[in-house]
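Everything on this sheet refers to the single structure shown next.
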Amino acid sequence: MPEHKRADPGRPGRRRQTSAKVPESRAHQEAALAPGSPLVVAAGASIDAQAARLADPRLPPVQRQALAAGIARLQGNRHLQRAIGPAHAGLSTAAAGRDSMVYLQEEGVAEEAAAEPPAAGFGPRAMGILLPAGPIDIGGEHTEVFDVINLSEAPEGTTFEWAAMYTSDILESIDTPTPPRRGHYELRLRGMAPGTGEVGVWLHYEVPGRAAEDTGISEETVTVNRPFVEMASLWREGPGGEPLSGDIERMRVGEYLRVRVFMGNVSPTYAGLPVRVQISGVGVLGVPARGGTVGALSLTQARVLGPGEYELQFRANNIGGAAFTITPMPGNTPPEAVTGQVTVETHVEMAKEEFLSLCNQANTRIDAADRAARAWLASLSLAYGKAYKDHTDVLRDQAASERLAGDLILGAALAFVPGGIGGIIGSSMRAAQAGDFLIDGVKDLAKYGMRTAGAAARPPGAPGLNAFPQDPLAWRGLEEVRINTELLVATNRLLEWQDRANRNDPDFFLDFSPIEAMEQSLTIRGKRVSELQPVDQGVTAREFEKGMWREWLEQFGYRLVTRVIARTGGLVHHSVERNVGKKIKRRCEALGLDVERYARVAEERERARAARLNIVP
């Protein structure tokens with residue numbers, strides 16, 4: 001069972017409440033219908049007649065208690081609950097229209113009718129009423145009313161003390177409307193979070209001259225309903241608070257958006273219950289509240305209108321989209337315990353004339369990107385070509401026949417570029433080889449103006465992009481074709497925006513700046529293309545060449561040599577020979593490259609290969 005709050009930890013252990021057995025013998029049944037029996041006195045043996053008698057306000061309390069005890073003895077607790085339940089239906093306004101449950105604590109009561117015990121053996125009999133009997137809503141009240149029904153039999157000086165326990169995170173204790181009195185107790189709790197909790201009450205009493213005793217714990221389960229949330233209403237207002245026609249998907253800066261939500265399974269008696277609201281993008285706010293921004297909107301007010309009714313007001317501060325969810329959380333309700341979700345989506349737009357004017361200005365951003373990208377790629381092409389020429393000239397002078405394989409040359413050249421393969425040059429060239437966009441932000445232009453951001457992840461009909469060739473000599477002119485092809489995608493996207501704005505396309509929203517969209521999208525590895533500067537060709541060429549030499553040394557720094565040994569009968573012997581001449585060594589040292597470090601890779605590989613070949617079967 002969950003952890004409980006207990007009034008007195010020293011009280012006895014809990015036990016489940018049991019009911020008296022229904023009389024089984026025919027003699028008991030006949031006694032129940034005999035003249036003067038409690039059932040007959042209650043106007044007959046029918047449930048309705050007994051309930052009417054128990055509810056009769058003219059019946060003195062002592063007789064009503066005695067009558068209830070007699071019914072329980074003769075017909076059992078279940079019959080008593082059915083009979084007394086309607087009679088107590090009006091005991092609590094919180095339980096109006098709902099069934100009650102009554103149970104009897106039968107400490108010292110025999111299953112059959114018997115004479116009352118003498119005072120020396122007095123044991124209290126407590127009758128409890130649970131209001132309401134079924135599940136309660138968030139903020140709903142649960143009350144247990146207990147009375148000692150044989151209070152008149154208690155010896156003079158007998159004292160009574162009630163104690164209670166309840167599940168703390170599900171239920172909260174609230175003040176009783178009247179102070180407790182001798183032999184009477186009311187336990188009032190409020191539902192604070194959905195789930196199931198347990199409540200229990202027991203009685204501590206002391207008869208003069210006897211040791212204090214405790215009754216067993218009467219324990220009941222209380223269920224608090226899971227709340228659900230749904231949209232109540234949604235509308236726009238002008239800067240002055242005047243209602244505006246049209247849906248809320250399109251707004252202008254300065255307008256207001258009002259959202260009313262309804263939460264079910266929240267009790268109308270919940271006054272004073274704390275309420276929080278979770279707004280995705282803003283966080284959790286206590287209500288009433290204000291503050292927090294979500295997209296293009298800012299929260300100006302959040303308040304409680306009534307039980308389960310909440311209103312939130314947002315102001316459009318700038319152009320852009322706003323999509324978020326609202327989840328009220330009354331009491332201790334966590335957001336994940338709320339069923340349903342209220343989703344709001346809107347677009348704060350600019351005027352069409354302003355949007356088209358910005359589209360025209362966005363052309364200058366494309367032009368700037370075009371010029372910067374051309375100059376940058378041209379400088380890379382020249383540096384790459386120079387490195388390749390210097391590398392092959394040395395090999396040619398030394399008459400070394402080995403060359404870097406075509407599928408290794410570009411990757412090798414990039415190995416020593418500042419920033420390595422993760423830098424802007426290395427990473428962009430790698431992507432370009434795979435046929436991806438060099439200007440990787442071009443594909444992001446498709447998301448602007450869409451109903452949901454990112455709905456189109458790639459421009460439709462994007463042209464096939466040729467990979468950069470391995471041969472540096474083939475680069476000449478290719479960079480211009482590449483840039484023209486990619487920036488054409490951006491230009492076509494801009495023309496599409498203008499066309500959809502002019503046609504008042506209902507699925508296109510003017511909630512972004514075309515200028516900012518171009519500047520943020522025309523990027524290479526996060527760097528704006530318009531800000532690219534030509535590389536230092538001398539420095540970059542050296543770095544390219546160092547990469548080429550490293551790859552060459554690791555591949556060809558040592559080579560396998562095969563000889564036939566005559567004295568051994570023509571057996572073939574394999575050995576390893578250094579392949580780095582003086583010119584190669586001098587060139588690598590001039591570049592600051594450690595020849596031995598990289599050549600050792602080739603040496604170890606070839607020695608292992610020779611050893612395998614020299615093994616005689």
Keeping the roles fixed (side chain from [X], backbone from [Y]), state whether a donor-acceptor pair exists under 3.5 Å.
X    : Y    : answer
N579 : F556 : yes
E486 : L438 : yes
S357 : E353 : no
D370 : I366 : no
S381 : L377 : no
R605 : Y558 : no
R276 : T333 : yes
S280 : T325 : yes

Are [X] and [Y] close enough for a salt bridge, meaning some N to O gap below 4.0 Å?
X    : Y    : answer
R607 : E604 : no
R559 : E606 : no
E596 : R600 : no

>> Can you confirm whether the side chains of R563 and S575 place a donor and an acceptor under 3.5 Å from each other?
In response: yes

> Are side-chain N/O atoms of T300 and Q313 paired as donor and acceptor at under 3.5 Å?
Replying inline: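 Yes.
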
> Are W497 and F512 near enough that their ring centres are under 6.0 Å apart?
Replying inline: yes

So, taking the atom named [atom1] in [X] and the one named [atom2] in [Y], what distance separates them when rounded to the nearest 0.5 Å?
X    : Y    : atom1 : atom2 : answer
E577 : L560 : CD    : CG    : 10.0 Å
K582 : K585 : NZ    : NZ    : 10.5 Å
R315 : L299 : CZ    : CG    : 13.5 Å
T523 : D440 : OG1   : CG    : 4.5 Å
R482 : L478 : CZ    : CG    : 7.5 Å
M548 : F416 : CE    : CZ    : 12.5 Å

Hey, are the side chains of [X] and [Y] touching, using non-hydrogen atoms and a 4.5 Å cut-off?
X    : Y    : answer
L522 : V442 : yes
Q498 : L495 : yes
N504 : K352 : yes
K583 : L395 : no
W549 : V595 : no
L358 : M350 : yes
V348 : N318 : no
W376 : I425 : yes

> Out of K386, R587, R550, K389, which one pairs with E545 under the salt bridge (Lys or Arg N to Asp or Glu O under 4.0 Å) rule?
Replying inline: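 The single option meeting the salt bridge (Lys or Arg N to Asp or Glu O under 4.0 Å) with E545 is R587.
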
Contact summary for [X] and [Y], nearest pair of heavy atoms:
X    : Y    : value
N265 : R226 : ND2-O, 2.7 Å
A322 : A296 : CB-N, 4.1 Å
D444 : S521 : CB-OG, 4.1 Å
W552 : H391 : CB-CE1, 4.1 Å
A362 : M518 : CB-CG, 4.0 Å
M329 : V277 : CE-C, 4.3 Å

> Can you tell me if CZ on R578 sees more than 12 non-hydrogen neighbours from other groups inside 6.0 Å?
Replying inline: yes

>> The test is side-chain contact (heavy atoms from CB on, under 4.5 Å); show your working for L553 and V601 and say whether it passes.
In response: CA-CA 8 Å; L553 290 169; V601 175; over 6 Å; no

>> Checking E589 against R586 for the salt bridge (Lys or Arg N to Asp or Glu O under 4.0 Å) test, could you report, in this order, the C-alpha distance in whole Å, the side-chain angles of both residues, the deciding distance, and whether it holds?
In response: CA-CA 5 Å; E589 290 174 348; R586 282 199 300 268; over 6 Å; no

> What do the steps show when you test L297 against V344 for side-chain contact (heavy atoms from CB on, under 4.5 Å), and what is the final call?
Replying inline: CA-CA 11 Å; L297 304 180; V344 178; 5.7 Å; no

>> Out of the candidates Y384, F544, Y388, only one should pair with W475 under the ring pair (Phe, Tyr, Trp, His ring centres under 6.0 Å) rule; please name it.
In response: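 For W475, the ring pair (Phe, Tyr, Trp, His ring centres under 6.0 Å) test succeeds with only one of Y384, F544, Y388, which is Y384.
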
>> Does anything in residues 292-323 form a ring-ring contact (aromatic ring centres under 6.0 Å, His included)? List the pairs, not counting sequence neighbours.
In response: F314-F324

> What residues form a salt bridge (charged side-chain N to carboxylate O under 4.0 Å, His left out) with E336, not counting sequence neighbours?
Replying inline: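 Result, salt bridge (charged side-chain N to carboxylate O under 4.0 Å, His left out) vs E336: none returned.
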
>> Between L257 and L234, is the side-chain contact (heavy atoms from CB on, under 4.5 Å) condition met? List the steps.
In response: CA-CA 7 Å; L257 178 66; L234 187 65; 3.9 Å; yes

> So which pairs with a foot in residues 248-261 pass side-chain hydrogen bond (donor to acceptor under 3.5 Å, both in side chains), sequence neighbours left out?
Replying inline: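 For residues 248-261, and leaving out neighbouring residues, the side-chain hydrogen bond (donor to acceptor under 3.5 Å, both in side chains) pairs sorted by first residue read R236-E255, E237-R258, E249-R451, R250-E349, R258-E311, R260-E311.
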
> Can you check side-chain contact (heavy atoms from CB on, under 4.5 Å) on L532 and I424, steps first, answer last?
Replying inline: CA-CA 10 Å; L532 291 175; I424 184 172; 3.7 Å; yes

